[in-house]
Asker: 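First the structure, which I've put down as structure tokens, then a few questions once you've had a look.
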Amino acid sequence: MSALKEIYGKKVVPALRERFKYKNVMQVPRLQKIVLNMALGHEKINKDRKIVDEAASTLTAITGQKAVVTKAKKAIANFKLREGMNIGAKVTLHGENMWDFLYRLINVAMPRIRDFRGIPQRGFDHHGNYSLGIKEQTVFTEIDIDKVTQTLGMDIIFVTSAKTDEEGRALLEALGLPFRKQEAKTAEKK
């Protein structure tokens, strides 16, 4: 069992239950899945067709789960994009893989980000889910820097069962995601 999953069961659930006054333990928000997505720009794809394979192999190395290549749904002539063309890669993590990835993200990858001051709080979608962008894949220790040909960014989406952003933020903070503190200037404006 993952260390974060144990922390969730023993510490996070009772804390959230008390904070939000849930009557039933099943009302407590939980992390349902984590989705990693590398959507590559049309310029990169048109220059180098093998970049999609590199993106898929990168996601597979980071997560330990086979990545799925995503395809264009519509043709867009201005972008030289045809329907069915490979345009990115994604992985959806559930269960133990999800907890292991979250642990490595918080404790290994995020501390390696240059000038890291926490993740922004503005990535919530009003339903308790959170999206985070990472600019380069080399922050993950699973990636061999010598074999990287291009810097690829990715989106990481945390899907929770929370009903509101406040509940989702409380869940993710309790699990250890380091959110930035509100700056004094934004607090004064409100």
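None of the values given here were measured: they were computed from a predicted structure.
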Asker: Supply the atom-to-atom distance Arg30 CZ to Leu171 CG, rounded to the nearest 0.5 angstrom.
Answerer: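 Interatomic distance, Arg30 CZ to Leu171 CG, rounded to 0.5 Å: 10.5 Å.
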
Asker: Tell me, please, which residues at least two apart from Tyr130 pass ring pair (Phe, Tyr, Trp, His ring centres under 6.0 Å).
Answerer: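 Partners of Tyr130 under the ring pair (Phe, Tyr, Trp, His ring centres under 6.0 Å) test: Phe124, Phe179.
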
Asker: Hey, could you give me the NZ/CD distance between Lys181 and Gln121, rounded to the nearest 0.5 Å?
Answerer: 8.0 Å

Asker: Looking only at heavy atoms, what is the nearest atom pair of Gly168 and Ala162, with distance?
Answerer: N-CB, 3.5 Å

Asker: Show the nearest heavy-atom pair for residues Leu40 and Leu152, with the distance to one decimal.
Answerer: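 The pair with the smallest heavy-atom distance is CD2-CD2, 3.7 Å.
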
Asker: Tell me whether Ile119 shares a hydrophobic cluster with Val159, the cluster being built from Ile, Leu, Val, Met, Phe, Trp, Tyr side chains joined at under 4.5 Å.
Answerer: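 As far as the 4.5 Å side-chain criterion goes, Val159 and Ile119 are not connected within one cluster.
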
Asker: Is any side-chain heavy atom of Leu105 closer than 4.5 Å to a side-chain heavy atom of Phe158?
Answerer: yes

Asker: Between the side chain of Glu54 and the main-chain N/O of Lys50, is any donor-acceptor distance below 3.5 Å?
Answerer: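 Not at all, since once roles are kept as given, no pair shorter than 3.5 Å links the two residues.
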
Asker: Would you compute the distance between atom CG of Leu102 and atom NZ of Lys5 and round it to the nearest 0.5 angstrom?
Answerer: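 Here the interatomic distance stands at 13.0 Å.
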
Asker: More than 12 foreign heavy atoms under 6.0 Å from OH of Tyr103: is that the case here?
Answerer: no

Asker: Please give me the minimum heavy-atom distance between Arg180 and Pro120, naming the atom from each residue.
Answerer: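 So the two residues come closest at NH1-CB, 3.8 Å.
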
Asker: Spell out, yes or no, whether Val35 and Val68 are grouped together once hydrophobic residues are joined by side-chain heavy atoms under 4.5 Å, including indirect joins.
Answerer: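 Looking at the clustering, Val68 is in a separate group from Val35.
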
Asker: Within a reach of under 6.0 Å around NZ of Lys66, are more than 12 heavy atoms found that belong to other residues, nucleotides or ligands?
Answerer: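 Counting neighbours around NZ of Lys66, 12 or fewer heavy atoms of other residues, nucleotides or ligands fall under 6.0 Å, so no.
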
Asker: So how far is it from Glu136 CD to Arg114 CZ, rounded to the nearest 0.5 Å?
Answerer: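 It comes to 6.5 Å.
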
Asker: May I ask whether Val69 and Leu93 are part of the same hydrophobic cluster, defined by side-chain heavy atoms of I, L, V, M, F, W, Y residues being less than 4.5 angstrom apart, directly or through others?
Answerer: yes

Asker: Using every non-hydrogen atom in the two residues, find where Thr160 and Gln32 come nearest and quote the distance to one decimal.
Answerer: O-OE1, 3.5 Å

Asker: Taking all non-hydrogen atoms of both residues, which atom of Lys33 and which atom of Thr92 are closest, and how far apart?
Answerer: CD-CG2, 3.8 Å

Asker: Donor-acceptor pair, Asp165 side chain versus Gly128 backbone, under 3.5 Å?
Answerer: yes

Asker: Taking the side chain as C-beta and beyond, is there a heavy-atom pair between Glu166 and Arg19 under 4.5 Å?
Answerer: yes

Asker: Enter the distance from Glu173:CD to Leu16:CG here, rounded to the nearest 0.5 Å.
Answerer: 10.0 Å

Asker: Do you reckon Leu177 sits in the same ILVMFWY cluster as Ile62, going by side-chain contacts under 4.5 Å, direct or chained?
Answerer: yes

Asker: Can Met38 be reached from Ile113 by stepping across I, L, V, M, F, W or Y side chains whose heavy atoms are under 4.5 Å apart?
Answerer: yes

Asker: Tell me the closest heavy-atom pair linking Leu36 and Ile156, and the distance in Å.
Answerer: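 Nearest heavy atoms, Leu36 then Ile156: CG-CG1, 4.2 Å.
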
Asker: Do Leu132 and Ile157 have side-chain heavy atoms sitting under 4.5 Å apart?
Answerer: no

Asker: What I'd like to find out is whether the side chain of Lys163 reaches to under 4.5 Å of the side chain of Phe20, using heavy atoms alone.
Answerer: no

Asker: State the CE-OG1 distance between Met98 and Thr63, to the nearest 0.5 angstrom.
Answerer: 13.5 Å

